Amino acid sequence: MPSDTTSTPRSIPTRALSALPDAITCSVFLVLWVAPFAFGESGVRNGMLLMLVEFVLIHATAMMGSTVESRDGRAAKVRVLLGFGLLYALFIGAFAFAFREWWPVYAFLWLLLSKVQRLFGAADNEEARWRRHSDWALTCMLYLGGVFATLFLPLPRLGISREIQPQLGLEGSGEWVDNPHIVIAFGALYFGALAWARWRDFRFPRGHLPNLKKPPAQ
């Protein structure tokens, strides 16, 4: 049984596979930051929607994780994941309908891939539980911290200049709509930090995760 601060190291291919989805998403945001029309006229708008979808998925991951851990047997865990996946897919579908875009549904499925592998892998293993709880705590910290930090940091606009902003198709009001480079920079920094943490197999000490039981004394 691993101690409070040490764990069994994962192989390089496993860590690379875990970090890959977030690294790809980070790269997309970096490209949008420099070239906002690289993925079409709605690229920046879709990036903004993706960050909203990620917020929903953070909540979904917590709900699915706690429910999965309370079920015995792989079949029961699969039913839980499918049920929650359908529930949140319907929510995202309504969200996509409101925006007249199906793109958020595809974004939801893409982001869900990187989360389900950690929810479902070795669900009855104490070290895997440690990894899941730490991963969720880190995700919350990076998202909420990133939202506030990017509102106050002097972030460069790069390719998202004020001159091209009317062409981005953004509707409504708010800081992200008025300054869309903020949310694109947030996406790049957030997913980049997640990719780095998963490549490093970062975990908080067990004592910092109140819902995780410490292993028995050796």
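As a basis for the values below, the full set of heavy atoms in this structure was taken, side chains included, without hydrogen atoms, waters or symmetry mates. Note that the coordinates shown come from a computational prediction; the quantities given were computed from them, not determined experimentally.
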**Message:** Other residues, nucleotides and ligands only: do more than 12 of their heavy atoms fall within 6.0 Å of CD on Gln167?
**Reply:** yes

Is any side-chain heavy atom of [X] closer than 4.5 Å to a side-chain heavy atom of [Y]?
{"X": "Leu155", "Y": "His181", "value": "yes"}
{"X": "Arg198", "Y": "Asp135", "value": "yes"}
{"X": "Leu30", "Y": "Val34", "value": "no"}
{"X": "Met48", "Y": "Phe186", "value": "no"}
{"X": "Trp176", "Y": "Leu52", "value": "yes"}
{"X": "Trp33", "Y": "Val28", "value": "no"}
{"X": "Leu194", "Y": "Thr25", "value": "no"}

**Asked** Do Ile160 and Leu153 share a hydrophobic cluster, counting only Ile, Leu, Val, Met, Phe, Trp and Tyr and linking them when any side-chain heavy atoms are less than 4.5 Å apart?
**Response** no

How far does [atom1] of [X] sit from [atom2] of [Y], to the nearest 0.5 angstrom?
{"X": "Asp22", "Y": "Trp196", "atom1": "CG", "atom2": "CH2", "result": "13.5 Å"}
{"X": "Glu54", "Y": "Tyr143", "atom1": "CD", "atom2": "OH", "result": "7.0 Å"}
{"X": "Phe152", "Y": "Ile182", "atom1": "CZ", "atom2": "CD1", "result": "10.0 Å"}
{"X": "Ser18", "Y": "Arg200", "atom1": "OG", "atom2": "CZ", "result": "14.0 Å"}
{"X": "Leu50", "Y": "Asn46", "atom1": "CG", "atom2": "CG", "result": "8.5 Å"}
{"X": "Cys26", "Y": "Leu189", "atom1": "SG", "atom2": "CG", "result": "7.5 Å"}

What is the minimum heavy-atom distance between [X] and [Y], and which atoms define it?
{"X": "Leu32", "Y": "Phe39", "value": "CD2-CD1, 3.6 Å"}
{"X": "Ile184", "Y": "Gly47", "value": "CD1-CA, 4.3 Å"}
{"X": "Gly159", "Y": "Pro36", "value": "O-CG, 3.5 Å"}
{"X": "Ala23", "Y": "Ala195", "value": "N-CB, 3.7 Å"}

**Item:** Test ring pair (Phe, Tyr, Trp, His ring centres under 6.0 Å) applied to Phe37 - qualifying residues, sequence neighbours left out
**Value:** none

**Asked** Does any N or O in the side chain of Gln165 come within less than 3.5 Å of the main-chain N or O of Asp178, such that one atom is a donor and the other an acceptor?
**Response** yes

**Prompt:** Okay, side chain of Arg15, backbone of Trp199: is any donor-acceptor separation there less than 3.5 Å?
**Reply:**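 Here the side-chain-to-backbone pair exists.
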
**Request:** Would you please indicate yes or no on a ring centroid separation below 6.0 angstrom for Tyr190 and Phe29?
**Result:**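 Centroid separation for Phe29 and Tyr190: 6.0 Å or greater.
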
**Item:** Residue pair Asn179, Arg162: steps toward the side chain to side chain contact (heavy atoms under 4.5 Å, CB included) verdict
**Value:** CA-CA 8 Å; Asn179 297 288; Arg162 292 194 181 277; 3.6 Å; yes

